[in-house]
Amino acid sequence: MNSLSCHYQDAEDLSAAFPGLGRRVVFMGDETWNDLFPGVFSQALFFPSFNVRDLETVDNGIMKHLYPTMDSDKWDVLITHFLGVDHCGHKHDPYHPEMAKKLTQMDKMIQGLVKRLKNDTLLVVTGDHGMTISGNHGGESELETSVALFLYSPRALFPSAPAEKPEIIPQISLVPTLALLLGLPIPFGNIGEVIAEVFSEIEDSQPRFSALAQASALHLNAQQVSRFLHTYSATAQDLQVQKLHRLQKLFSKASADYQRHRQSPQGAEAALQTVIPELQQFLRGVRAMCIESWARFSLVRMAGGAALLAATCFLCLLVSQWAASPAFYFGPLLKPMASGLSGAMVCAGLLASTGLKLDFVVAGAMAAVGSLLPFLWKAWASWGSRRPLASLLPMPGPVLLLLLLRFAGFFSDSYIITEARVAPFLLISLILLLVARLHWEGRLLPPKLLSMPRLGFLTPTGPPQYSAMHAVGLGVGLLLCIRLAGLFYRCHEETPVCSSSPLLNPLRSTVGGRAKNLWYGACVGALVALLASVRLWLRCYGNLKSPEPPVLFVRWGLPLIGLGTAAYWALASGADEAPPRLRALVSGASVMLPRAVAGLAASGLLLLLWRPVTVLVKATAGAPRARTVVTPFSGPPTSQADLDYVVPQIYRHMQEEFRGRLERTKSQGLLTVAAYQLGSVYSAAVVTALTLLAFPLLLLHAERISLVFLLLFLQSFLLLHLLAAGIPITTPGPFTVPWHAVFAWALTAAQTFYTTGHQPVFSAIQWHAAFVGVSESRDFTWLSAFLVGANTFASHILFAVGCPLLLLWPFLCENQGSRKRRQPPGNEAEARVRPEEEQEPLMEMRLRDAPHHFSAALLQLGLKYLFVLGIQILACALAASILRRHLLVWKVFAPKFIFEAVGFIVSSVGLCLGIALVMRVDGAVSSWFRQLVLTQQKAGEKSSLVYTGAGSSAREAQPHLLPPCSQDLLTSGTSLFYNSRS
């Protein structure tokens, strides 16, 4: 008890005092203790603890040496750290039969310890954390932060029987209690309170000695806390002065009373009973004051960070608007940049003149605010001249309303807790609005049936692209996919009455062989359906006929990836049931199969980057004959849309007639080179990349998430078709993706995050992903962290990489709707007679008509997507700042902000990769044309080139003209034609 006078009284923790006082400490269990407390243990048995699927290695290793070590006299403190119960919770859940086996094993272990305890030995059984109903931990829920504390000794410890309702003791109270029981100094930084009941002298018949023992323990504890408080208040000076003085007076009075009554034999027991509450009041007051003071926030930095985020969001919005202008070359950005630099310089000068330390966050905030000044000045001038502010913020009203609702929702803890349900609701609302808007704009029915006048943006902008039943079918399919994906739902930790979907659990936790086999068959079926859907899509657009390496990999590599995934699922779900002699083989295969799948996917991505142009080239003798169907005369044009349609036909017809006359004067032995699948060359590369990314990410999730991946791929394709119906194709540009499409894509990404079993809380992180393809060696710690991050943010990765599809898909859908759209009423019979003469669409080759507009459209799309994501992280940052004293700030608002911030970073990287892939394809297409033309020139003969957008065979090719930018590559001796046949 009087060991505080030794030179170890300033020790920061108990472990630092053991060696100096000659305590022999023996440890058995988790090898993490070796990293935390090196050189502390006189004897140690460390076991690998990284593999949470291993329930036996650590526990069996401890049990083998525990009882022999106890029976020996070679220890003063024996520490054991069992991991079987913790690993069982991660692998299964608290209610799985395996958990009952582990708990039974722990009960028998404790019974064996109790039988071997000596009278001077204390047994302490506790845990380092709790467990949720799903078996995880890491959050701040009561189930995760509450653990049992069991103290036992053959000699009586407590003066009376324990209460029926267990007492709640702060975890920090265990440190001073164990220190005094072991005769060690209480760590200097401790603010915990000793458990006074443990220091009762039960064997002594005089109550005075029991009260004196408790008061002495509390007085030693209070002396240590008072020294810490004095040292800390002199250094930090952030404690409340009035409370500090009041607590110091309370300690002085209690200490004086203790010293006086300790020396007085008469009436000391009653007097000491009054001193004990005073010391406890002092200790609890200090703890409350420190906790309140240490929860400090820098309002200046918080405001600076919010200003920086807001400025970035507005800058993305402004640049996305300016990018659509023909003369955009980053010129308009010079004013905000100069203004922001001036603001940073002014801030630095003010801080330097006042002698304050330069804070980079504050300087960045001033630069951000300064960069907004030109925009604010323009807005003020616009307001003064009564010009509409809509020109500065060109966002449709419904989309702006939904965005503001989502922005305001992040300030509500109820919204964040139930966002997994709210995000699909907002997405469904937006889908219904899109279908209704297509009808109001006259894109679903023939124009003659839409004679009602419309207001504002509901005025028809062009001819119908889809039938009403087609659009309604897309909407119904989307709603069905969203509802089915909602079945895979994980409850937030703040909704205790909620039950998470059992479909999120891995198959190995399924009880019953028949049910496990049925679910395994369903998962493999979803895998096959996903592969077949991608191959069918590529075949539909003709990209599967190319002999290029990426296409060959799609034909043969993707089935191998699917086979490896299915084999890994089979091993992972039945590893516990494998015979003992085969468990080593199963364990090795479970590590190698995910690596093989990831290696194949990486090889496919490298092949795609190397040869991204998936075309089929054929050379034939004889010049192609080109014809274009001109719509028969049905009256004078009645609208601008009719003029936009008829005039290009007349031009093409005249051009082809003139070319035909030239060809008739030439020889008939020209060499014709036909190139197929160029009409979908960009989207084919993006879809292939997404498929190759999806399979490794799927391996990191539970098996039944494959059903969600299938639904979400189908939902994304349906959403792209529905969005494409409302995006007009302007030739030769500019090309623009509307705001409602970007917002719908971001909402789908948020929905995918939740339907894959995630929640923005640490306890919902799927830690099992850390062990997919990773051996038990600790050399792969960073790899495991990367795998957990990829599992958590898989939706952000896929939708960010696939974001360019919002720009490409309307041109891709031109292949489906252009011919029907261009057929006038009453000419269906003639169209059936001459199908070979139909005008084929240019599809994605229209983007090559204006390379500047194409690049600007990609930049604009990326900035719009970052703006929507930036608004979300700005709302989360403001909510966490404003509600910093909220009861749920560390359970709801702060974790949500962290997840949104990391998700924004991951999405930004994925978006850059997706846009870079499209630009790589565009550069490869240009190089392909240039190389082909040079090859023909070296041949020294007159030749022509035909290329098709989605041809299924060379015999179906009908030649048409390439976009002007491609014609510029040719010399006078070469003819270049275009065709697309679906």
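Because the structure is a prediction, the values reported are computed rather than measured.
The environment of R555 atom CZ is dense: over 12 non-hydrogen atoms of other residues, nucleotides or ligands sit within 6.0 angstrom.
Residues E844 and V925 have side chains not in contact (no heavy-atom distance under 4.5 Å, counting atoms from C-beta outward). Between L690 and L805, some side-chain heavy-atom pair lies under the 4.5 Å cut-off. Contact check for L723 versus L434: side-chain heavy atoms found under the 4.5 Å cut-off. T691 places none of its side-chain heavy atoms less than 4.5 Å from the side chain of W537. Residues L538 and T688 are in side-chain contact: their nearest non-hydrogen atoms beyond the backbone lie under 4.5 Å apart. Residues P810 and F735 are not in side-chain contact: their nearest non-hydrogen atoms beyond the backbone lie 4.5 Å or more apart. Side-chain contact between L527 and F695: present, with at least one pair of heavy atoms (C-beta onward) separated by less than 4.5 Å.
With values rounded to the nearest 0.5 angstrom, S533 atom OG is found 6.0 Å from L710 atom CG. Of the inter-residue distances, the one linking C313 atom SG with L863 atom CG reads 11.5 Å to the nearest 0.5 angstrom. Within the model, atoms OG1 of T755 and CD1 of I705 stand 7.5 Å from one another, a figure rounded to the nearest 0.5 Å. Interatomic distance, OG1 of T752 versus CD1 of I797, reported as 12.5 Å (0.5 Å rounding). Residue I905 holds its CD1 atom at 12.0 Å from CG of L869, rounded to the nearest 0.5 Å. Distance check: L858 CG to L806 CG gives 11.0 Å after rounding to the nearest 0.5 Å.
Remark: the backbone N or O of W610 is paired with a side-chain donor or acceptor of R920 at under 3.5 angstrom. In this structure, R595 contributes its side chain and G773 its backbone to a donor-acceptor pair below 3.5 Å. At distances below 3.5 Å, not a single donor-acceptor pair connects side-chain atoms of S855 with backbone N or O atoms of H852.
Taking the six-membered ring where tryptophan is involved, the planes of F717 and F713 are tilted, since the angle between them lies from 30° to 60°.
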Decide side-chain contact (heavy atoms from CB on, under 4.5 Å) for F553 and I561; before the verdict, give the C-alpha distance in whole Å, the side-chain angles of both, and the deciding distance to 0.1 Å. CA-CA 10 Å; F553 185 87; I561 291 178; 4.2 Å; yes
Could you please spell out the steps behind the side-chain contact (heavy atoms from CB on, under 4.5 Å) verdict for V909 and L913? CA-CA 6 Å; V909 175; L913 294 177; 4.3 Å; yes
Dump the intermediate steps for side-chain contact (heavy atoms from CB on, under 4.5 Å) on V742 and V399, then the final yes or no. CA-CA 10 Å; V742 179; V399 178; over 6 Å; no
Show your reasoning for whether ring pair (Phe, Tyr, Trp, His ring centres under 6.0 Å) applies to F786 and W782. CA-CA 6 Å; F786 172 79; W782 291 107; over 10 Å; no
Before you tell me yes or no, could you show the steps for L699 and L593 under side-chain contact (heavy atoms from CB on, under 4.5 Å), namely the whole-Å CA-CA distance, both residues' side-chain angles and the distance that decides it to 0.1 Å? CA-CA 10 Å; L699 271 181; L593 281 175; over 6 Å; no
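The heavy-atom pair separating G802 from W745 by the smallest distance is O-CZ2, 3.6 Å. Summarising the geometry of L478 relative to L719, their closest heavy-atom pair is CD2-N, 3.5 Å, with the distance given to 0.1 Å. Between I873 and A901, the closest heavy-atom pair is CD1-CA, 3.3 Å. Shortest non-hydrogen contact noted between P804 and L861 is CA-CD2, 3.7 Å. Heavy-atom minimum distance, V737 versus Q860: N-OE1, 4.4 Å. Summarising the geometry of V681 relative to P612, their closest heavy-atom pair is CG2-O, 4.3 Å, with the distance given to 0.1 Å.
Taking the ring pair (Phe, Tyr, Trp, His ring centres under 6.0 Å) definition, one finds that F867 meets it with W739, sequence neighbours left out. Take F854 and apply the ring pair (Phe, Tyr, Trp, His ring centres under 6.0 Å) test, not counting sequence neighbours, and it matches Y682. Every residue two or more places apart in sequence or in another chain was checked for a side-chain hydrogen bond (donor to acceptor under 3.5 Å, both in side chains) with S795, and none qualifies.
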